[in-house]
Amino acid sequence: MKYTKSFIRFIFWKFWLLRAWTRARVLKNDQDESVSIFANVFLNTIRKKLSIEDKIWVNNIESMRKEFKRDYSEVIVTDYGAGSPNLNRTDSQMHIGQVLSTTVSSMNSSSQSPFWSLLLYKIISQFKPKTALELGTNLGISAAYQGAALTIYSSGKLISMEGSASLIEKSRKHFTYLGLINIETVEGRFSDNLSKVLEDHHPIDYVFIDGHHNQDALVNYFNTILPHLSNKSIIIIDDITWSKGMKLAWKKINNNENIKLIFNLNKLGVCFIDKDNKVQQRKIKL
Ligand SMILES: C[S@@+](CC[C@H](N)C(=O)[O-])C[C@H]1O[C@@H](n2cnc3c(N)ncnc32)[C@H](O)[C@@H]1O
């Protein structure tokens with residue numbers, strides 16, 4: 001049963017990738033420069049087009065991922081998120097947090113896959129944000145990708161937020177091991193720390209929201225972050241089709257007039273903010 005499910009997921013993924021690749025190939029000749037640039041970023045992610053320096057970083061981070069996968073040591077985490085779509089945790093359960101005994105290997109399965117991590121890396125390489133923010137560090141895989149791209153391409157910094165103290169401790173060790181000195185981690189619930197982080201690092205050029213997949217929480221984080229975003233900035237949201245609530249939150253966020261270009265990648269949603277430009281919003285589904 002487990003293998004059938006993985007097989008169906010694999011087929012679905014390959015089908016989606018092929019369709020997205022076909023669409024991106026058309027979009028790379030689009031008259032709108034932002035659209036053609038993003039289409040190229042996406043195609044280069046599929047092709048794994050990397051410089052020697054990129055390859056070194058990617059290989060180092062992927063070696064770290066392999067170690068996590070083999071690491072069955074216990075880790076106690078406090079999860080302030082929604083868990084899984086069918087758990088229907090209440091606001092108070094999420095606020096208190098669920099203490100779980102798990103393994104590093106199991107936590108590793110919540111990390112962004114090599115493909116999505118590389119897409120984040122490529123987006124940063126292309127758009128060169130100076131100040132980036134991540135909600136949801138976990139073991140630090142996506143943070144390492146983003147931190148590496150910020151190091152090479154924009155001399156920028158990443159602030160990564162995480163509720164679980166044990167995960168923060170582990171990710172900090174990994175960043176030190178990889179030599180990523182431009183990643184600052186902030187421990188605690190997003191709701192407790194977000195406003196202070198935004199004030200301290202204003203303006204923010206790039207945000208990746210990868211934690212707390214709850215409808216009201218997500219809309220709330222978006223609205224809190226928006227005034228602190230640079231006039232031209234990028235906000236990426238993970239798991240936009242994960243649950244009914246996430247789909248509704250994504251729909252609500254899409255209505256914001258400051259977002260001028262939206263790429264719906266089925267899993268990730270990428271929003272290009274342009275606060276000064278009055279052009280009509282364009283939505284693209286890959
Ligand atoms: C999907 S994982 C992040 C994966 C990571 N970005 C990666 O790809 O390597 C989500 C993380 O967000 C954290 N989280 C969820 N809800 C939170 C909240 N309300 N406050 C703080 N952390 C939260 C969880 O503890 C978990 O580690």
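Since this is a predicted model, take the numbers as computed values, not measurements. Counting starts at 1 for both ligands and their atoms, following the listed order. In this chain, residues are counted from 1 in sequence order.
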>> Show me which atoms of ligand 1 lie under 4.0 Å from any heavy atom of E134.
In response: 6 (N)
>> Quick test of your reading of the model: are R65 and E62 salt-bridged, counting only N-O distances below 4.0 Å?
In response: yes
> Atoms of ligand 1 less than 4.0 Å from Q112 heavy atoms?
Replying inline: 7 (C), 8 (O)
>> Side chain or backbone, does S164 bring an N or O within less than 3.5 Å of an N or O on ligand 1?
In response: no
> Would you say D192 contacts ligand 1, with heavy atoms under 4.0 Å as the rule?
Replying inline: no
>> Are W13 and F115 an aromatic pair, judged by ring center distance below 6.0 Å?
In response: yes
>> For F42 together with F263, are the ring centres under 6.0 Å from each other?
In response: no
> When you measure from atom 9 (O) of ligand 1 to every protein heavy atom, which one gives the shortest distance, and what is it?
Replying inline: S142 N, 3.1 Å
>> Tell me whether ligand 1 is touched by G188 - counting only heavy atoms on the residue side and a distance under 4.0 Å.
In response: yes
> Which ligand 1 atoms are under 4.0 Å away from a heavy-atom of G211?
Replying inline: 10 (C), 12 (O)
> Under 4.0 angstrom from ligand 1, any heavy atom of M94?
Replying inline: no
> Closer than 4.0 angstrom: is that true for some heavy atom of L167 and an atom of ligand 1?
Replying inline: yes
>> Could you tell me, atom by atom, which parts of ligand 1 come under 4.0 Å of a heavy atom of S111?
In response: 7 (C), 8 (O), 9 (O)
> Taking only heavy atoms of G81, which atoms of ligand 1 are found under 4.0 Å from at least one of them?
Replying inline: 15 (C), 16 (N)
> What is the closest protein heavy atom to atom 12 (O) of ligand 1, and at what distance does it sit?
Replying inline: G136 CA, 3.4 Å
>> Please find the pair of heavy atoms, one from D238 and one from H213, that lie closest to each other, and give the distance.
In response: O-CE1, 3.8 Å
>> Can you confirm, on distance only, whether ligand 1 has an N/O atom lying under 3.5 Å from any N/O atom belonging to G163?
In response: yes
> Going by distance alone, is a donor N or O of one side chain under 3.5 Å from an acceptor N or O of the other, for E74 and S101?
Replying inline: yes
>> Taking the ring centre of each residue, are F190 and Y221 less than 6.0 Å apart?
In response: yes
> Mind checking whether E162 has an N or O less than 3.5 Å away from an N or O of ligand 1?
Replying inline: yes
> Does a side-chain N-to-carboxylate-O contact under 4.0 Å join D71 and K170?
Replying inline: no
> Does a donor on one side chain and an acceptor on the other come within less than 3.5 Å for Q112 and Y145?
Replying inline: no
> Is any N or O atom of D210, backbone or side chain, closer than 3.5 Å to an N or O atom of ligand 1?
Replying inline: yes
> Between K260 and D32, is the closest basic N to carboxylate O distance under 4.0 Å?
Replying inline: no
> What residue and atom, counting heavy atoms only, is the protein's closest point to atom 15 (C) of ligand 1, and at what distance?
Replying inline: H212 N, 3.5 Å
> Considering distance alone, does some N or O of T78 sit under 3.5 Å from an N or O of ligand 1?
Replying inline: no
>> Using a plain distance cutoff, I'd like to know if Y80 has any nitrogen or oxygen under 3.5 Å from a nitrogen or oxygen of ligand 1.
In response: yes
> Donor-acceptor pair, S166 side chain versus V75 backbone, under 3.5 Å?
Replying inline: no
>> With no hydrogens and no angle check, just 3.5 Å: does a side-chain donor-acceptor pair link S142 and E134?
In response: yes
>> Give the atom numbers and elements of ligand 1 that come within less than 4.0 Å of a heavy atom of S110.
In response: 1 (C), 4 (C)
> Is N220 reaching over with its side chain to a backbone N or O of D216, donor-acceptor style, under 3.5 angstrom?
Replying inline: no
> Which ligand 1 atoms are under 4.0 Å away from a heavy-atom of R189?
Replying inline: 20 (N), 21 (C)
> Looking only at atom types and distance, does a side-chain atom of D274 sit under 3.5 Å from a main-chain N or O of K232, one as donor and one as acceptor?
Replying inline: no
> Any N/O of F190 closer than 3.5 Å to an N/O of ligand 1?
Replying inline: yes
> Does ligand 1 have any atom that is closer than 4.0 Å to a heavy atom of Y221?
Replying inline: yes
